[in-house]
Structure formats: structure tokens, C-alpha cells
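What follows is one structure encoded as C-alpha cells, with my remarks underneath.
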Amino acid sequence: MSQFSLEGVFNEYLKTDPIFFNKQALTISYTPSNIPHRERQIKQLGIILATALRGERPSNSFIYGSTGTGKTLVTQHVCNALEEKSKQLNKNLKILYVNCKMKRVSDTEYRLLAYLCEINKLEVPKTGLATEQIYKYFFDSISNYDGVLIIILDEIDELVSKVGDTILYNLTRINQDFKKCKLSIIGISNNLSFSNEMDARVKSSLSEEELIFPPYNAVQLTDILKHRAEISINKGRIEDGVIEKCSALSAQEHGDARRALDLLRVAGELAERKNKNKITEEDVDVAQSKIDRDRINDAIKTQPKQSKLILYTIISYFEKDDDENQNLLTGDVYDKYISLCKKIKQKYITQRRLSDIISELDMLGIINAKIISKGRYGRTREISLAIPLSTAFRIKKSINQDLEI
DNA sequence: AGTCCACAGGAAGGGCAGGCGA
DNA sequence: TCGCCTGCCCTTCCTGTGGACT
């Protein structure tokens, strides 16, 4: 067996001329000192929250905008500044930030409250208590707090779709029940039509102020990327057109700045690994497919066994390149899925459940499931793959290894 | 205009795993 | 260990629906 030397790998790496000098600046966790093209929103939110500096309750606000439009960044930026200022003025201000999408942290009423307790420095069990009890703990913890409390609920649409709006209703009641604590809620949502899904009372008390974050266009994205590249990538290491390409690709995807930053970062990493002098447009292309692949792989890894089996069934169907070109319908998937389960001696689920799983796979962007009506022959979903065949085959292979089909 | 197909998808609840306090 | 709680995955039962067919 040939002995390969890690020492060699490390030395080789250290010999290369690094492309980045501060890669952190190209990640979402980085908060830049200035946020281009969001001046209006920063000012608007600043005006709303400034009332906290006089010890008054800021209006509840709702922030809308699709992914990567700077909602979270702007909110955190304004809140940080507010916190700083309130310290100078010796005012009581507490800001609790929760990302409602984080699995196992805040995707249920109980977990959200437990998390709020936790970041409010109150220890509660992660599970085991009645939800009422956890409400009591949280309310007790803030009932005597004399000051302004701002709760930021990021991805609030996820929360409401999973657990309903009861929790929001209960939170908005705090101001009536407690005299000292002045609570303001900032809801951040990717879904523009989301507020229509809420109870009218919750909606009216939550949306006292509304801010809209429009998607960035390609020119604005270029601007943002140039600014970030300056503080993260060594001079002269980006080929002309790379930043523009990242911007253009991301502008197509609803003006998502996060995506643009990821593209540039991953392209840089790829170029660095190949020991290239400059990041090229070709690296951006490779980065694009790598990001898609990683996203899908991560999504599939966390899926339950039955989801994997169903996805396996669907991919197997498209693998056969017979010229029938027939559409795959829910009923077909179910039949094929049942025979697969019988073949490998697995328990199988009902069609009702399968229907839900197909919806989930659709939402994950792995398949397209369009509802169609075939008139006399019923109403069903037409299923196709939303990912390249090559990626699908790779996924199938990994499910195969995982489940030993 | 009415029928009927093949589902979609809502509602309610079961069973199990896992965590907690007593 | 037991009882209680939540989360997750699932089933059962049900109503709703778009459009080809009669």
C-alpha cells in the first residue's frame, strides 16, 4: 500500500498563494459596516425602533422580501446600532433574535418558547414540560423586566405554517398584561402573501408597520459583490467578468445576494484548490453546480426513509430512457413504489402519505409536481425531476448505499 | 348539464421514541 | 421505573375539484 503523506498535502497547500485574505466576509454570518442599496429600509426601520430610546414601545413591524434581499442583515444592523445607543443612554433594551426555520430549535411552539427562555438566560428543559408551563416560565421571566424588549422572528412564515398563529397572538397580548415590559415584535418573512394566512387580530396587531425589501437587480448585486470582494479577495485575483457573472446568475434567481456571495466564495475556493492564479468564469459555472448539488444532498440526507424510497422510485423511472416519454403521475409512483417495497421487503405507506411526501420533495426543489386534470381520467400530479439527471443518479446511488436496496 | 375519475389535501388521531421530574 | 409531555411519521376518513366524457 502506498503511504501518502498528509504532511505533503499541508506543505503543498501552504506553498500556494492564497486568493482570499478574509473569506469570512463572503459568508452570510458576516455583517458588513455598510449595506449598499438598502439605505431607505435602514432609515425606515431606524425611525420605527428609535422610540425604544425614549423607553417607549416601538411598533410591531413586518418585513417582507425574498431570500437574500438583506432583510436579516438590515434588521441586525439597525438593532446592533440601537443596542449601542441605548447603552450610551443607559436605557433598558433587550433584543432576542430567533430564526424560526432552525430545526430542533424553534420549529414548534414549545421549542420557540424554550429557546426564547434560553436566550433570555432562563434555563428550561428542552422537552418534557407542558406548553402552558413553558409559557408561564417565559412570561414570568419578562413580567418584571422594566424596559423595551424586541423579539425578532426571522422566517416567521415557517413558524406560522408549522404551529399556527396562536403563539403570535399570545405574544402580542403581553403588552396588555404586563405594565413594565414593553414588547415589540419584528416578523421577517420570505413569503409576500404570508400575512393573509394569519388570524385578522394577529395580523392587525403585528403589521403596525410594514417594510418591503425588493430583490436586488444585477447591477446592484455587482455593486455588493465588488464591495465584499475588496475586503476578502486579494487584488488582481479575479478575472474580469467573474463578478458580473455571479451577479447575473443570482439576479435570475430572484435577486438573491446570498447566492451571489456563495457563488463567488465557492468559485474562489475551487480556483484556490486548483492552484490557479485567478478566479475565472469557468469556476463560477462549476461553483453553481456544486452549490446545487450540496444543497440537494443535504436536503435528502435528513429525509426519512420512506421519502428516500419514493425519491428512489421516481429517479429509477427517469433512468429508463425509453422513448415513451410518458408523464409520471402520483398513481404510477405509488404502484412502482409498492412493488419496490415488496421486492426489498420493506413496509410501505399509504397513498395519502405518499402524496404529502411528493409535496415535500417538490418544495425542496428536487422534483416538480404540477397538479393537472385529465378530465374524465381524474385529477393528479404530473411529476418530473427538477435536478439534472447526473445529479439524480448520484443521489440514487447514495440512497442505494444508505438503504441497501 | 350532469357524471365521474383519480387524485389533492384537510382533520383527527394512533403509535412510537425520547426527554423530563418525581 | 412510571407517568406525562412533545415531535414525528403515519393512517383513516373525508370532502373538494378540473375537465373529458356522456
Side-chain angles (χ1 to χ4, degrees), chain A residues 98-118 122-141 155 157-167 170 191 193-194 196-199 298-314 317 326-342 344-364 366-384 386 399 402-403:
Chain A
V98 188
N99 185 339
C100 304
K101 207 181 179 177
M102 274 162 74
K103 273 212 159 183
R104 309 198 183 279
V105 171
S106 47
D107 52 355
T108 69
E109 198 173 1
Y110 184 99
R111 283 178 177 163
L112 176 75
L113 286 162
Y115 185 68
L116 282 173
C117 287
E118 196 186 309
L122 178 72
E123 290 241 345
V124 287
K126 291 255 185 304
T127 164
L129 294 179
T131 308
E132 259 172 68
Q133 189 66 36
I134 202 99
Y135 263 115
K136 191 175 174 305
Y137 278 144
F138 179 64
F139 285 171
D140 283 352
S141 77
E155 316 242 18
D157 43 327
E158 292 278 333
L159 176 75
V160 173
S161 71
K162 272 190 193 134
V163 300
D165 52 16
T166 328
I167 185 163
N170 289 335
N191 181 352
S193 59
F194 154 73
N196 301 331
E197 293 166 26
M198 280 188 305
D199 181 288
D298 286 351
I300 289 166
K301 253 181 224 156
T302 55
Q303 289 298 304
K305 195 177 187 177
Q306 296 296 352
S307 287
K308 289 181 186 164
L309 280 171
I310 290 165
L311 184 60
Y312 185 92
T313 310
I314 295 171
Y317 175 85
Q326 262 201 343
N327 297 324
L328 185 61
L329 309 175
T330 305
D332 303 336
V333 177
Y334 193 59
D335 291 345
K336 290 175 198 302
Y337 159 76
I338 295 262
S339 38
L340 172 71
C341 288
K342 281 183 179 159
I344 60 168
K345 299 199 173 66
Q346 272 285 339
K347 253 175 73 179
Y348 49 85
I349 54 171
T350 56
Q351 185 156 342
R352 174 69 189 84
R353 178 70 190 131
L354 177 126
S355 173
D356 278 345
I357 289 178
I358 286 181
S359 298
E360 285 161 22
L361 292 173
D362 183 23
M363 276 202 297
L364 286 171
I366 300 167
I367 61 171
N368 292 314
K370 198 175 85 191
I371 299 174
I372 54 157
S373 176
K374 287 152 55 77
R376 186 106 177 63
Y377 306 103
R379 202 162 154 265
T380 181
R381 266 189 294 216
E382 196 178 69
I383 295 151
S384 57
I399 297 176
D402 190 14
L403 302 179

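Chain A is the first sequence line, chain B the second, and so forth, proteins listed ahead of strands; every chain is numbered from 1.
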query = Looking at A/R352, does any N or O in its side chain come under 4.0 Å of the phosphate oxygens OP1/OP2 on B/dA11?
reply = no

query = Do A/E360 and A/K308 meet the salt-bridge criterion of a basic N to acidic O distance under 4.0 Å?
reply = no

Distances under 3.5 Å between nitrogen or oxygen atoms of protein and nucleotides 19-22 of chain C:
{"from": "C/dG19", "atom 1": "O4'", "to": "A/S373", "atom 2": "OG", "distance (Å)": "3.1"}
{"from": "C/dG19", "atom 1": "N2", "to": "A/G375", "atom 2": "O", "distance (Å)": "2.9"}
{"from": "C/dA20", "atom 1": "O4'", "to": "A/R376", "atom 2": "N", "distance (Å)": "3.1"}

query = In whole angstroms, how far is the P atom of B/dC7 from the CZ atom of A/R353?
reply = 18 Å

query = Could you state the CZ-P distance from A/R379 to B/dC5, rounded to the nearest angstrom?
reply = 16 Å

inquiry  = Counting only heavy atoms from other residues, nucleotides and ligands, does the tally under 6.0 Å from CZ of A/F139 exceed 12?
reply    = yes

query = Rounded to the Å, how far apart are A/D335 CG and B/dA6 P?
reply = 11 Å

request  = Taking all non-hydrogen atoms of both residues into account, name the closest pair between A/A369 and A/I358 and its distance.
outcome  = CB-CG2, 3.8 Å

request  = Please determine if a side-chain N or O atom of A/S355 lies less than 4.0 Å away from the OP1 or OP2 oxygen of B/dG9.
outcome  = no

ask   = Do we see a donor-acceptor contact under 3.5 Å between the side chains of A/Y337 and A/Q306?
value = yes

ask   = Whole Å only: how far is the CD1 atom of A/I383 from the P atom of B/dA6?
value = 16 Å

message = Whether A/D356 and A/R352 form a salt bridge (side-chain N of Lys/Arg under 4.0 Å from carboxylate O of Asp/Glu) is what I want to check.
response = yes

inquiry  = I need the CG-C1' distance between A/D356 and C/dT12, as an integer number of Å.
reply    = 13 Å

task = Measure from CD on A/Q351 to P on C/dC14 and round the result to the nearest Å.
result = 18 Å

ask   = Which atom pair, heavy atoms only, marks the closest approach of A/I357 to A/S307?
value = CG2-OG, 3.5 Å

message = Does A/Y334 reach a base, just sugar-phosphate, or nothing at all? Heavy atoms under 4.0 Å.
response = nothing

ask   = So does A/T330 get a side-chain nitrogen or oxygen closer than 4.0 Å to the phosphate oxygens (OP1/OP2) of B/dC7?
value = no

inquiry  = I need the CD1-P distance between A/I372 and C/dT17, as an integer number of Å.
reply    = 18 Å

ask   = Could you state the CD-P distance from A/Q306 to C/dC8, rounded to the nearest angstrom?
value = 17 Å

ask   = Is there a donor-acceptor pair closer than 3.5 Å between any side-chain N or O of A/R381 and the backbone N or O of A/S355?
value = yes

